[in-house]
Amino acid sequence: MHNMLASPNAMLRLPAEVHVQRRQQLLDALPEGGALLLPTANEVVRSNTTNFPFRPNSDFYYVTGYPEPQAWALLKKSGPDAGFFLFVLPRDRTRETWTGVRHGVQGAKSEFGADEAFKVDDLDRELGRLLEDVDQLYFAFGRHGAKERRLHRILDRVRTGRKPALGPATLRDPAEILAPMRLIKSEAELAVMRRGVEITTEAHIAAMKHVRPGMPEYEIQALLEYTFRKHGAWGWAYPSIVAGGANACILHYVRNDATIGEGELMLIDAGAEVDCYATDVTRCSPANGRFTAAQRDVYEAVLGVQERAIESVRPGFSIDEMHEVVLRELTQAMIDLGALKGDVEGLVESKAFEAYYPHRTSHWLGADVHDVGRYRQRSGPPLPFEAGMVLTVEPGLYFPPDADCPKHLRGIAVRIEDDVLVTDTGHEVLTDAIPKRVDEIEALRS
Ligand code: GLY
Ligand code: MN
Ligand code: MN
């Protein structure tokens, strides 16, 4: 496989100053007396003595860049000890022999910019002390399990200990300030996301070239994920979907253990994760290199809807409005293909379209594949697009084998998904180097 990356040494890592700027922005956004408390993830047991690969919490990593498990971060706006604090696993020669070098308390300060750092074992005492004069505490309640119960105990001790203090009077959702920040991507973030897109592009093209009838889906999965890791991505951003034929009717099909049949389409929904940024791309291609007439009809219908939806992306428009247009166009396509009878508005009203299009058209994309950020404003109307937002556009048509539709459509499923950046004047399709026109896809095999 030749290396088609435009810039093989491009960024796989955000520069550290980006995290410094983010913390300053967050400190500016916090109210007087406010503090933001963010735990990262723990390692999770996979079986007996073996863990799942560690993946940090997205908010925590966004603010700190700190890559190790079990850590906590505190950003404190006011008081004599205002600043940035990290609680981390300490250096430990024995543990490091088994699981690798830790940054430790010194590294948390010298490499990750903490004003003060502590061993995570000292969290109860040191965090309690730091929270005594905090008025409003931002912590994602309901999301951190045992860590939340630990925080409850710490707060209880602040209020009832030997020298009782008031402690936080108000608990607030960190998403209030973090989600709007994460929603708008900077140039530095976009550079990392573009790197993920380059790697994902190579993976999808390799897969479309490699597939043959009779091949197991997992062979394609292996090629995709090999390509992600080969270029230094963390791996996949979400479990790769490789679905032959009717398996693609299962929206999050991840078994990938069937054989791709002669005359079937293969749906791939897979993307690389680079430095905690997701790529999310879906393509469909024929296992034998040529679309059948029925596959082509369905494919062209979805592609037309997808291209028009992408064209509508510009500041001021919204995901909800785009979805409403897509629903109507896909419903018209269902009528044209003979799968539904009636008029578009009636079929939308009765939700008849859900038989063949059961999902939404778009979601935000960033550190999480279904990224943070509201879809509607608090007052109700849809959140308008702004430059710097990144979203997917992913219409599809799915005709399950037992569907009440013309026989020649049964078992055909098509989704086409691109990642789109909102710009000042419109949009940029980040993933547009991944072929999606019928002639381009067939040409990959000729
Ligand atoms: N891959 C998950 C999604 O497309 O939303
Ligand atoms: Mn998606
Ligand atoms: Mn997807």
Side-chain angles (χ1 to χ4, degrees), residues 55 58 182-183 185 193 196-205 207-208 217-218 220-221 223-225 227-228 233-244 247-256 265-274 276-285 299 302-303 305-307 309-310 312-313 318-320 322-323 326-327 330 354 356-375 383 385 389-398 413-422 427-436:
R55 203 281 193 178
S58 297
R182 281 179 51 184
L183 192 51
K185 274 71 179 176
M193 292 188 79
V197 165
E198 286 179 334
I199 295 169
T200 301
T201 300
E202 179 171 322
H204 272 265
I205 291 175
M208 286 194 266
E217 294 160 341
Y218 53 71
I220 298 296
Q221 177 190 355
L223 179 55
L224 292 163
E225 294 172 7
T227 309
F228 296 162
W234 284 2
W236 44 253
Y238 53 91
S240 307
I241 298 167
V242 181
N247 288 338
C249 295
I250 300 162
L251 299 175
H252 285 172
Y253 175 79
V254 291
R255 293 176 59 139
N256 302 346
L265 288 181
M266 169 185 67
L267 180 149
I268 295 174
D269 184 348
E273 182 175 53
V274 173
C276 213
Y277 286 93
T279 316
D280 182 9
V281 177
T282 307
R283 288 292 185 268
C284 297
S285 60
Y299 189 91
V302 174
L303 182 61
V305 173
Q306 199 238 13
E307 288 180 329
I310 288 174
S312 72
V313 175
S318 68
I319 281 183
D320 278 12
M322 180 168 70
H323 182 60
V326 163
L327 278 187
L330 286 175
E354 284 184 349
Y356 308 119
Y357 184 51
H359 62 79
R360 301 266 308 166
T361 301
S362 175
H363 54 82
W364 305 126
L365 185 71
D368 296 304
V369 64
H370 297 156
D371 207 29
V372 294
R374 303 171 62 88
Y375 292 92
L383 192 77
F385 290 140
M389 292 173 168
V390 179
L391 58 136
T392 67
V393 180
E394 50 178 307
L397 283 173
Y398 310 85
V414 169
R415 175 167 67 257
I416 306 171
E417 174 174 31
D418 282 297
D419 302 344
V420 179
L421 166 69
V422 184
H427 61 267
E428 177 191 335
V429 184
L430 298 174
T431 46
D432 69 350
I434 310 179
K436 65 177 173 181

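Counting starts at 1 for both ligands and their atoms, following the listed order. Treat the numbers as computed from the prediction; the structure is a model and nothing was measured.
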Novice: If only side-chain N and O atoms count, and only distance matters, is there a donor-acceptor pair under 3.5 Å linking Glu394 with His359?
Specialist: no
Novice: Under the side chain to side chain contact (heavy atoms under 4.5 Å, CB included) test against Val313, which residue among Met389, Glu428, Met322 passes?
Specialist: Met322
Novice: I'd like the atom name of the N/O/S atom in Glu417 lying closest to the Mn ion (ligand 2).
Specialist: OE2
Novice: Would you say the Mn ion (ligand 3) has Glu394 as a near neighbour, meaning an N/O/S atom of that residue under 2.8 Å away?
Specialist: no
Novice: Does Arg255, at its CZ atom, have more than 12 non-hydrogen atoms belonging to other residues, nucleotides or ligands within less than 6.0 Å?
Specialist: no
Novice: Between the Mn ion (ligand 2) and His363, is there an N, O or S atom separated by less than 2.8 Å?
Specialist: yes
Novice: Just distances here: any N/O of Glu417 and N/O of ligand 1 closer than 3.5 Å?
Specialist: yes
Novice: Of all the heavy atoms in Asp269, does at least one lie under 4.0 Å from an atom in ligand 1?
Specialist: yes
Novice: Which of parallel (below 30°), tilted (30 to 60°) and perpendicular (above 60°) describes His323 and Tyr357?
Specialist: tilted
Novice: Answer with yes or no whether the side chains of Ser240 and Glu225 bring together a donor and an acceptor at under 3.5 Å.
Specialist: yes
Novice: Quick check on Arg415 - does any of its heavy atoms sit under 4.0 Å from an atom of ligand 1?
Specialist: no
Novice: To the nearest 0.5 Å, what is the distance between CG (Leu421) and CE (Met193)?
Specialist: 8.5 Å
Novice: Give the numbers and elements of all ligand 1 atoms closer than 4.0 Å to a heavy atom of Glu394.
Specialist: 3 (C), 4 (O), 5 (O)
Novice: May I have the angle between Asp280 OD1 and Asp269 OD2 with its vertex at the Mn ion (ligand 3), rounded to 10°?
Specialist: 150°
Novice: Could an N or O of ligand 1 be found under 3.5 Å from any N or O of Asp280, whether backbone or side chain?
Specialist: yes
Novice: Need the ligand 1 atom indices (1-based, order shown) with element for anything under 4.0 Å from a heavy-atom of His370.
Specialist: 2 (C), 3 (C), 5 (O)
Novice: Around atom OH of Tyr218, are there more than 12 heavy atoms of other residues, nucleotides or ligands at under 6.0 Å?
Specialist: no
